[in-house]
Structures are given as C-alpha cells and as structure tokens.
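First up is the structure itself, then whatever we jot down about it.
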There are 4 protein chains.
Amino acid sequence: MARPKSEDKQKAILNAAIQEIAEHGVSAPTARIAKIAGVGEGSLFTYFSNKDELLNQLYLYIKEELRESMMSDYPKTESVQNRIRHAWNTYVKWGVANPQKRIVLAKLGMSNKVSEQTKTQGSEAFADIFNMISESTANGLLRNYPTSFLSAIMGSLADTTMNFIAGNPAQTEYFNNAGFEAFWSAIVNA
Amino acid sequence: MARPKSEDKQKAILNAAIQEIAEHGVSAPTARIAKIAGVGEGSLFTYFSNKDELLNQLYLYIKEELRESMMSDYPKTESVQNRIRHAWNTYVKWGVANPQKRIVLAKLGMSNKVSEQTKTQGSEAFADIFNMISESTANGLLRNYPTSFLSAIMGSLADTTMNFIAGNPAQTEYFNNAGFEAFWSAIVNA
Amino acid sequence: MARPKSEDKQKAILNAAIQEIAEHGVSAPTARIAKIAGVGEGSLFTYFSNKDELLNQLYLYIKEELRESMMSDYPKTESVQNRIRHAWNTYVKWGVANPQKRIVLAKLGMSNKVSEQTKTQGSEAFADIFNMISESTANGLLRNYPTSFLSAIMGSLADTTMNFIAGNPAQTEYFNNAGFEAFWSAIVNA
Amino acid sequence: MARPKSEDKQKAILNAAIQEIAEHGVSAPTARIAKIAGVGEGSLFTYFSNKDELLNQLYLYIKEELRESMMSDYPKTESVQNRIRHAWNTYVKWGVANPQKRIVLAKLGMSNKVSEQTKTQGSEAFADIFNMISESTANGLLRNYPTSFLSAIMGSLADTTMNFIAGNPAQTEYFNNAGFEAFWSAIVNA
DNA sequence: TATGAATGAGGATTCATTCAT
DNA sequence: CATGAATGAATCCTCATTCAT
C-alpha cells in the first residue's frame, strides 16, 4: 500500500527542471530543482535514479509534449503542402508559447548527458512527418534530398524563425510567414 | 593582467580549451585545460582573470579565426551570388575542417557564461557579409527580409549542412551543393 | 513495539542482515536488508526500533545460535579434556558451517554500534564452558591463568583455525586437529 | 616550483585518520579527519585520491611502523627462541603503546575497503619472521605446521594478550609472560 | 612570471527514519 | 500491521581561485 509514487510530483520535478535549466543551464543543481518542484532534495532521486536519468527523461518529456502539440489536430487528409504548413505552424506556435522548453531542448541536445539512444527515441515520435516528407520527395513535390536532410532544414529554419519571434513578439505573424516562405522555397522542387 | 610575455601560452590554453570543451562541455575543469595546454593550473589565471573570461575570449578567438578563413580571399569585386557562394563555401569548409571549433562555438553560444556583448562583438567581424546581404536586399536580388534574418538563415542552413557532412564525409560535395541550393532558393527573390 | 505477530519476519530480517553485513559490512543499508528479507523497508522498524537495535539483536541472535550448537549435546559427565574438546569441535564445526555468521560476529564485535552490555550478555550464554575452565584451573589441570584469558585463547585459536579451514576446506580435519593440539598445549598445565 | 607536497601534512592526515577511525570506525568522515589533521577538507584529496586510497595507505603506514618497531633491533644472531621472544615482545610492546593503531589495523583488516593486495603487501614486511619460523619448523624445533598457520597463531595470541594488557595495564608483565608461555607451548615441538 | 598545493563552497547522492495510505 | 514514498542531514568528492615558493 504505502503512498503511491505521485505522477504529479514527477511532473513537478520535470517542470522545475525546465525552469532551472532554461535559466542556469544543464548544470542547475538538483537541490534547486527539487526545491522549486516543492519536494525534498532526496525525493528527486526516488523519481529519477540520478541526474543523467532526469536529463534524459526530461528530453523525452518535452519531445513528447511537442509531438502532442503538433499531432493532436494533424490534417491527415489534406494536401501535402497544407500538412507541412500545419506542421510548421504548430511547431512554431509551440516554440513561441514555450520558450523555456525550446531552450532546454536545445541545451539538452548539445549536452553529452543525453544519450544518442534518447535522441533517437525522441525523433521517433515524429515519424508521421518524416514519412510525409519522404513520400513527397518520392512523388517529385520536394527536392530529391534525403528525408533526414529535409527534416533538419525544417527544424533549423523553424528554430531560426522562433528566435526572431522571441526577439520581436509583435512580428510573430510576419516572421512565421517569412520563415515558412523561405523554408518552402528551400525544399520544394523548382 | 598586463599582456603576458608568452602569446604562445595564451594560444595553447585556448586550443586546449577547444579540445576539452568540445569533448566534455563548458564545464571542463580549468585544471584539465591547463594540463593539456602544458601550463600550470595557476598559470591559466595569469592569462585569463577567471573562467568566464576564458570562455568569452575563446568565443572571440574562434570567431576571429573563422572570419579570417572566410575573408582572406574574399572576392570583393565579383557578383553578389558569387560572393555569397564564396562565403557559404568557406564557412562550410572551415566547419568541416574544424569540427571541434564548430561544436565549441555552439556550446559557448548556448551557455550563459558568454555575454551578449561578446556575442555582438563576435558578429561584428562579419560586417562585410552582413552589408553585402543588406545591399542585395535593397536592390531586389534577395527577398525583402531583415538582413539579420537572412544571415541567420544562412548560418542555420550552413550548420545543418555541416552536420550532414560530418555524418557522411564521403558526400561532402553533395551536401555542400544541396545545402547551398536550398539556401539560395530560400533567400533569393522569386 | 509490542511483540509483533510474525516471528518469521523478524528472523527473516535477521538472516537478511547476516547476508548483507557479511558481504557489505555493518554499513549495509536497512533498505537492502528489508528487501532481502522480503519485507517493506518501513517494516524493519516495527521489528527493531532502529538500526543499532537491529545490530545488537543480531549479535545476540547469532551468539544464541552458536550456544545452541555448542550446548545441545554437551557431554556434562565426561572428562574435562573431552568436554573442552567437544566445545572446540562444535565451535569450529559451527564456524565452518556458518562462515557468514562468523564474519558478522567479528564485524559486529569490532563495531562501536554493539554495546558493551550486549557483548557481556552474549558471553553469558557460555557460562557453562567458562565454569568448566574455571574448575579445571582450580584443580590444576590447566595453567593458572584467569579464566577469561583462557577463554579468550580458545576463541582466538579457534578463529584462527576456522580461517585456515575456510581457506583450505579439503584440510578441515587437519587444521581442526592441529588447532586443538596447539590450543591444548597452550593451556594445559605442563 | 610552487609549494611542494608536504610530507608532514600527509602524516598529519594519516595520524588524524588513526584517531578518528579508532574512535568512530572506518566510516569516520573525511571532513573530520581533515579538520583534526589541520588541513582543509579538500586538501585530504590532494594527498589521497579518494577515501579508499587513504584507507589502504593507512593500513600500510601502520604496518610499516610496526615493522620498524619489531625489526629495528632484531637479534639476527641469537637463538631461535630468543628471536621469537624478541618478536613477541616488540609486537606486544608496540600494541600496548599504540592501542589506537592496533584497533585501526583490526578495523581496516575487517573492512572490505582494504584490498587483498594491500594486505599481502602489508604482510611482506614481516618476511624475516616468517622465514625464521619456517626454518625452525624444518629443523624440528617447532611443530610441523604450515608457517602461515604458526604465524597466525602468534598474531592471534599476541592480540589476545594485548587485549588483556589493555584491560589491566598494571599486569602488563604478567600477561606478556603468560601469553608468551601459552604461545610457545602451542608451537614448540613436544 | 610560473607553479601546483591549499582551500571551502557547492553538488550529487545515500540512508535511517517517519508517516500517509 | 504493512508498505514504500518522502525527507534532509550527512558524506564524498570536485573545482575555481588564491597564494606560498
């Protein structure tokens, strides 16, 4: 019986980690994360066996949230361009709405604490988008680049776009459109 | 803090820092950096007043090296497209030839140890390119986006390109061309 | 703290403690002991108010088991030499058969967690042997040393003997005899 | 140049460790050891890479001191019995004079932190005594037991003797003689 | 100026014990 | 009564920085 491991507390720790890591980097002390999460220093380790584990779980946690954001109302039946646009829009929207999570994802991605396996696992969530791009390459709509390259282009241009929106929130619409325009031109078969 | 006699030692420290930070991140101990540089761990602090200072100097050191690589044979008199292509090529070439420096630049860029001022100062070295893009926007060759946005697009697509080359050295030529093609399509006025 | 229903669980904990302490020392975590015992980590504290209490009880538990081993078929009516030989044999036999318990007894004996009172209490179980030696000293069979000294000599030589048997199980018989021979010569009145 | 690693400080740490471990066991905190040694908490780790290393070095340090005590005026040319008596006397004398070191040696010997290799190395210092016993066995003076068994008997009886002296300092002479008498009877060929 | 020993604040992690369930 | 989640004090160790040499 005993007290069951609370999912709330686990999430509180993950969210506290987001806050702290966004602000102070991957080296943010576990003690501070615990404090912000409102749990004891030791409790963090009942939910994550060690800091690395926390970092890896955090990476997947954010990726999963992003996936949900992008996939919840994914228009499977629409045209490819519309679907790509939808992916772009939802990604940018999420990034703008969750600047800390975006930063943390980037910091974790750079860190050698997050394993390749975790990164791979994180990417798998986006298989739908990957497949869509893959098909569009096959049918000649997009340039004949490796799908992973096209995906990476999307990621990097969307990130750049988000950075500019973050710096100029008033021009969210403008940069979102400009970014997509550039992106689309970059990948579409001429 | 007067400029110390040995400029060699200063560079040895910077280069050691590149090695260590590339491999172990910004948290690489100063003691290890000093050891690899072949100087005493205290000596590091006669060349850099503290670790943050070292990190900021390192950022500028690498940026400067990159600038030299890109600008040494910059074809001032050629067409804009050729100059942009030259910038792209030299950037990618440098990045491929100096994977550690590229990683370090990225890690330092993410870190909150490198000040905004330093980052700004690092960008100033690329004023020529910035200006060229600026002019090309004005004369209608490029899309009418803020120059900083166009520059950022270049940076992010070039980085993406380098990542793929790093993963597939045999296809250096292919990805360099594909990346540039995408980039050029992204920015050129339709 | 009222005597809990399950005496089995109490013993399970004591036996688990033997295992863990033999292998990892007195600092073996209560959580691990509980786990091996198959009880919740909190339950351990319903059987023993704290770790020190567990350690002290464990000391007595093993001593008591040893006493039973040595006394169950104690030949009260035989000659002194035979009785001493019987004590020696049963002690060595027990130690060889229960190497972990022997180690734990030694580790607990060294530890400052086990109180003097507990140690005294543990010795009282061997009053019969003590008395026998005492009488034998009085009637001139044994050297005129304090009984406690003679007892200690027996303990240390038996321990040494067991160590050698542990290292050379094939020569159990040999070392048992050699050890007793040395012991008897050491204490008998010349 | 810099400050040279002070041998004094190293010894201060070892001696502080003796004090603390004698009193509080192998789990004595490094911080407290450092404090008693009069050095910073961190300094301990410039002399010993970690606590285990400290423990192993401490074991050898004490063994070496014991060896010096026993060997400094070892009467190589005297009769075997005299030499054995000398070894016994100097051992007991050392143990009585250094009760803490004796306890620490015992505690370290029990601990799984001290490696077998260290223990072996610690024994090698007593090769002279070992050889003497070996020869005496060969020429029939001592019982025909393995030398290591005879050595162990000496160690255990001497330890027992020291324990009694520690408990009754006024009877040092008595127990020393009684102990040796028992020991000699135990090992000499009848 | 160069060195690396010295330092203590800081950080990850463990663990006996408590207490909600 | 049984459980194991919750806790924070305690512990080992690291590291930027200082300073004696």
Side-chain angles (χ1 to χ4, degrees), chain A residues 1-6 9-10 27-35 37-54, chain B residues 1-6 9 27-35 38-55 113, chain C residues 1-6 9 27-35 38-55, chain D residues 1-6 9-10 13 27-35 37-54:
Chain A
M1 304 225 161
R3 211 169 326 182
K5 235 189 274 193
S6 141
K9 223 159 269 189
Q10 165 146 249
S27 62
T30 55
R32 181 139 34 178
I33 292 169
K35 184 166 214 174
V39 302
E41 291 181 44
S43 301
L44 189 149
F45 294 94
T46 66
Y47 288 91
F48 304 94
S49 56
N50 53 43
K51 194 179 180 181
D52 275 17
E53 166 86 354
L54 166 62
Chain B
M1 269 286 290
R3 186 150 345 146
K5 242 194 350 231
S6 163
K9 258 174 211 178
S27 62
T30 53
R32 179 126 54 163
I33 293 169
K35 181 166 214 175
V39 302
E41 51 184 292
S43 303
L44 187 149
F45 293 94
T46 67
Y47 291 92
F48 305 93
S49 57
N50 54 42
K51 193 179 182 180
D52 276 16
E53 165 86 354
L54 165 62
L55 261 21
K113 302 298 186 65
Chain C
M1 273 287 290
R3 188 153 343 149
K5 244 200 338 242
S6 164
K9 257 173 213 179
S27 62
T30 54
R32 181 134 41 172
I33 292 169
K35 182 166 213 175
V39 302
E41 50 183 293
S43 302
L44 187 149
F45 293 92
T46 68
Y47 290 92
F48 304 94
S49 57
N50 54 42
K51 194 181 180 181
D52 276 16
E53 165 86 357
L54 165 62
L55 262 20
Chain D
M1 312 235 150
R3 209 171 328 185
K5 234 187 275 193
S6 138
K9 224 159 269 187
Q10 166 146 249
I13 293 170
S27 63
T30 54
R32 186 154 7 193
I33 292 170
K35 184 166 213 174
V39 302
E41 293 181 42
S43 301
L44 189 150
F45 295 95
T46 67
Y47 288 91
F48 305 94
S49 56
N50 53 44
K51 194 180 178 178
D52 275 18
E53 167 85 356
L54 166 61

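When reading the values below, keep in mind they use all heavy atoms of this one structure, side chains included, and skip hydrogens, waters and symmetry mates. Order of the sequence lines sets the chain letters (A, B, ...), proteins ahead of strands, with each chain counted from 1.
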Let me know, please, whether E41(C) or G40(A) comes out on the 5' side of the other along DNA chain F by nearest nucleotide. E41(C)
On DNA chain F, nearest-nucleotide positions of G42(A) versus S27(D): which is more 5'?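 Counting from the 5' end, the first nearest nucleotide belongs to G42(A).
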Ranking dG4(E), dC13(F), dT13(E) by distance to the side chain of F45(D), first place goes to dC13(F)
Would you mind telling me which of dA20(F), dA12(E), dC15(F) lies closest to the side-chain atoms of P29(B)? dC15(F)
How close or far is atom C1' of dT17(F) from atom CD of E53(B), stated in whole angstroms?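 Answer to the nearest Å: 15 Å.
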Does [N] have OP1 or OP2 under 4.0 Å away from a side-chain N or O of [X]?
| X | N | result |
| --- | --- | --- |
| K9(D) | dA6(E) | yes |
| S43(D) | dT7(E) | yes |
| T46(D) | dA5(E) | no |
| T30(C) | dC15(E) | no |

Under 4.0 Å between any heavy atoms, over every strand shown, what does K35(A) touch: base, sugar-phosphate, or nothing? Just pick one.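 Answer is nothing: K35(A) stays at 4.0 Å or more from every strand.
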Students often get this wrong, so: under 4.0 angstrom with heavy atoms, is Y47(D) touching a base, only sugar-phosphate, or nothing? sugar-phosphate
Applying the Watson-Crick and G-U wobble criteria at under 3.5 Å, what pairs with dA6(F)? Answer none if nothing qualifies. dT17(E)
